[in-house]
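Below you'll find the structure, written out as structure tokens, and then a few comments.
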2 protein chains.
Amino acid sequence: MSARILIAEDDPKQARLIQLYLEREGHSTLVVGDGRSALEQCRARRPDLAILDIMMPRIDGLDVCRTLRAESDMPILLLTARSTEDDVLLGLDVGADDYVTKPYSPRELAARVRALLRRAGVVGAGNREVLTVGDLEMDPGRFEVRVAGRPVALTAKEFGILEVLAADPGRVFTRAQIIDKAFGFDHFVLERTVDAHVMNLRRKIEADVCQPRYVQTVHGRGYRLAEQRPSR
Amino acid sequence: MSARILIAEDDPKQARLIQLYLEREGHSTLVVGDGRSALEQCRARRPDLAILDIMMPRIDGLDVCRTLRAESDMPILLLTARSTEDDVLLGLDVGADDYVTKPYSPRELAARVRALLRRAGVVGAGNREVLTVGDLEMDPGRFEVRVAGRPVALTAKEFGILEVLAADPGRVFTRAQIIDKAFGFDHFVLERTVDAHVMNLRRKIEADVCQPRYVQTVHGRGYRLAEQRPSR
DNA sequence: CGTGACCTTCACGATTTCTTCACCGTTGCT
DNA sequence: AGCAACGGTGAAGAAATCGTGAAGGTCACG
């Protein structure tokens with residue numbers, strides 16, 4: 001349960017406090033004092049979670065968050081100095097997974113870190129939306145998929161893959177992207193593994209596996225979920 | 001304290017924002033991205049409250065509201081993009097219980113949700129209501145559970161877990177979520193601990209522990225309380 | 001200060017799921 | 001057509017997940 005955590009906070013006292021608490025929980029920490037370092041270290045070290053103060057020299061936390069979010073799904077927790085709603089709104093808008101407003105209790109911070117870490121790796125944590133594509137319905141909250149009303153039992157990975165594809169029907173995802181988004185970004189598997197899952201998935205949801213109606217192969221690129229042409 | 005709330009909003013960011021705020025208040029949410037899904041999910045899941053954006057694909061919020069209102073008296077809150085009076089009038093005319101104009105503060109939204117729920121008797125009743133799932137009855141106010149009329153003595157944790165699951169039957173909860181919601185946000189416990197409690201719980205409420213009728217395992221995800229198929 | 005209820009963790013085995021591999025048919029390019 | 005890269009497929013070993021019993025710890029109560 002230990003993780004590598006980046007702490008971006010320009011006030012050394014604050015940083016030390018956070019560091020102390022998190023290390024007591026068995027995590028290893030890395031402290032940086034400004035936004036640019038935060039960005040660099042996140043890219044280089046790929047921590048399991050980043051804690052970003054919003055007000056920082058050079059690049060502010062919001063920008064760092066925005067940039068990071070564009071590159072990865074790493075869990076990000078924002079520290080907002082003021083508890084004005086604008087800050088919170090902005091933070092979430094920018095893609096943060098959670099926020100803590102100062103002054104905070106270190107205990108709360110640690111708890112939220114813990115919660116975020118547990119949820120990391122869980123696909124669709126923030127994407128609990130009922131998706132419908134043609135005769136295919138999926139409900140991430142219930143871990144349920146129905147084809148033409150008939151429920152289908154999928155495994156975790158199969159569900160994850162379908163979820164990724166369904167997030168943007170018609171768009172082609174490479175195997176690398178699928179592994180990243182469905183399995184978690186620290187998952188090391190061969191790309192061919194995706195093929196195996198896709199096949200199992202097809203066997204469960206396709207009427208004719210040779211002529212997939214939903215999960216289609218794009219030769220040399222990857223897979224996609226076909227947009228269903230409403231036949232009416 | 002907790003209600004099941006449907007959020008119909010086509011902008012994922014907005015949806016996530018609302019979701020985060022409401023879940024922090026202890027509610028359980030379900031997000032849909034278009035009007036048709038909103039209608040379907042409302043009919044199928046019967047949430048305690050629906051939040052509808054007016055501008056949505058497929059069927060707009062006003063129509064959804066009108067239709068829902070014709071079939072039930074579920075509390076409905078409309079999100080209107082523009083704050084023109086026409087919209088507001090139209091919204092209320094169509095049977096909405098309240099409306100919030102964008103841009104709104106999440107705090108305000110949460111407050112209105114609370115008010116609506118209280119008015120509807122969902123939350124105000126303080127969960128004095130007895131939850132019934134098949135032959136399982138639980139009375140959170142009394143800390144009492146009965147299976148087929150026979151009272152069963154549960155420990156605090158067992159009761160907490162059952163309560164979390166019962167808040168939204170059919171929905172799958174990860175062990176992390178269960179720990180957060182049942183034990184408290186700052187409770188530090190291995191996820192496997194949940195298993196132990198679930199087993200003890202099953203031994204008390206299940207006729208056949210190997211074929212759980214209530215608390216079911218979802219491999220790779222977590223646990224859920226089965227929806228009981230009314231054998232009509 | 002002993003007792004018992006409860007919570008948490010651990011360890012083992014059973015089961016399910018994941019991953020890889022090898023073989024072969026397809027596809028796309030020249 | 002011929003070639004090389006690509007993807008489908010089934011099987012099998014590896015790994016993850018879960019159920020289960022038991023041990024140790026904490027706390028309240030008598």
Side-chain angles (χ1 to χ4, degrees), chain A residues 1-2 25-26 114 118 121-123 143 145 152-165 172-184 186-206 208-224, chain B residues 143 145 152-162 164-165 172-176 178-180 182-184 186-206 208-224:
Chain A
M1 223 355 157
S2 93
E25 310 245 322
R114 199 170 109 81
R118 271 195 309 234
V122 177
V123 195
F143 192 70
V145 170
V152 175
L154 299 186
T155 69
K157 302 280 177 184
E158 287 158 11
F159 197 91
I161 290 175
L162 189 56
E163 204 175 345
V164 169
L165 298 181
V172 179
F173 293 85
T174 66
R175 291 172 176 74
Q177 288 174 321
I178 292 174
I179 290 171
D180 245 31
K181 293 180 188 258
F183 301 6
D186 55 346
H187 222 263
F188 303 107
V189 289
L190 296 184
E191 299 205 338
R192 289 303 246 98
T193 301
V194 177
D195 296 30
H197 287 302
V198 165
M199 205 196 43
N200 294 330
L201 180 54
R202 279 179 178 155
R203 275 207 271 257
K204 293 179 180 177
I205 66 173
E206 301 283 0
D208 180 0
V209 178
C210 298
Q211 300 234 269
R213 189 173 157 208
Y214 301 107
V215 182
Q216 301 182 334
T217 303
V218 180
H219 196 96
R221 296 270 173 240
Y223 295 99
R224 76 167 159 212
Chain B
F143 192 71
V145 171
V152 175
L154 297 187
T155 70
K157 304 283 175 184
E158 287 157 11
F159 195 88
I161 290 175
L162 189 55
V164 168
L165 298 182
V172 179
F173 292 85
T174 65
R175 290 172 175 75
I178 292 174
I179 291 170
D180 282 354
F183 303 179
D186 52 357
H187 209 103
F188 291 64
V189 164
L190 292 186
E191 301 204 343
R192 287 302 245 105
T193 302
V194 176
D195 296 31
H197 287 303
V198 165
M199 210 198 37
N200 294 330
L201 180 54
R202 279 179 178 156
R203 276 206 267 258
K204 293 180 181 177
I205 66 173
E206 300 283 359
D208 180 0
V209 178
C210 297
Q211 297 223 270
R213 190 173 156 207
Y214 301 108
V215 181
Q216 300 183 335
T217 303
V218 181
H219 195 102
R221 302 295 273 220
Y223 295 99
R224 78 168 155 215

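Throughout, a chain's letter reflects where its sequence line sits, starting with A, and its residues are numbered from 1.
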query: Side chains of B/Arg221 and A/Thr155: donor-acceptor distance under 3.5 Å anywhere?
result: no
- prompt: Does B/Arg213 pair with B/Glu206 as a salt bridge, N-O distance under 4.0 Å?
  reply: no
Pick out the pairs of N or O atoms, protein on one side and nucleotides 5-9 of chain C on the other, that lie under 3.5 Å.
{"unit_1": "C/dC7", "atom_1": "OP1", "unit_2": "B/Lys157", "atom_2": "N", "d": "3.1"}
{"unit_1": "C/dC7", "atom_1": "OP2", "unit_2": "B/Thr155", "atom_2": "OG1", "d": "2.7"}
{"unit_1": "C/dT8", "atom_1": "OP1", "unit_2": "B/His187", "atom_2": "NE2", "d": "2.7"}
{"unit_1": "C/dT8", "atom_1": "OP2", "unit_2": "B/His197", "atom_2": "NE2", "d": "3.2"}
{"unit_1": "C/dT9", "atom_1": "OP2", "unit_2": "B/Leu190", "atom_2": "N", "d": "2.7"}
{"unit_1": "C/dT9", "atom_1": "OP2", "unit_2": "B/Thr193", "atom_2": "OG1", "d": "2.6"}

Partner residues of B/Arg192 under the side-chain hydrogen bond (donor to acceptor under 3.5 Å, both in side chains) criterion, sequence neighbours left out: B/Asp195
Specify the separation, in whole Å, of atom [atom1] of [X] and atom [atom2] of [N].
{"X": "B/Met199", "N": "D/dA22", "atom1": "CE", "atom2": "P", "result": "10 Å"}
{"X": "B/Asp195", "N": "C/dC12", "atom1": "CG", "atom2": "P", "result": "18 Å"}
{"X": "B/Glu206", "N": "D/dG19", "atom1": "CD", "atom2": "P", "result": "12 Å"}

Is the phosphate of [N], meaning OP1 or OP2, less than 4.0 Å from a side-chain N or O of [X]?
{"X": "A/Thr217", "N": "D/dC6", "answer": "no"}
{"X": "A/Arg203", "N": "D/dG10", "answer": "yes"}
{"X": "A/Tyr223", "N": "D/dG8", "answer": "yes"}
{"X": "A/Arg175", "N": "D/dC6", "answer": "no"}

query: Which residues satisfy the ring pair (Phe, Tyr, Trp, His ring centres under 6.0 Å) test with B/Tyr214, sequence neighbours excluded?
result: none
message: Students often get this wrong, so: under 4.0 angstrom with heavy atoms, is A/Phe159 touching a base, only sugar-phosphate, or nothing?
response: nothing
message: Applying a 4.0 Å non-hydrogen cut-off, can you work out what A/Val209 is touching in the nucleic acid: base, sugar-phosphate, or nothing?
response: sugar-phosphate
task: Consider the side chain of A/His219, meaning its heavy atoms from C-beta on, and name the nucleotide among D/dG10, D/dG19, D/dC6 that approaches it most closely.
output: D/dC6
task: Look at the rings of B/Phe159 and B/Phe143 and say which category their plane angle falls in: under 30° parallel, 30 to 60° tilted, over 60° perpendicular.
output: tilted
- prompt: So, A/Arg224 side chain and A/Val215 main chain: donor-acceptor pair closer than 3.5 Å or not?
  reply: no
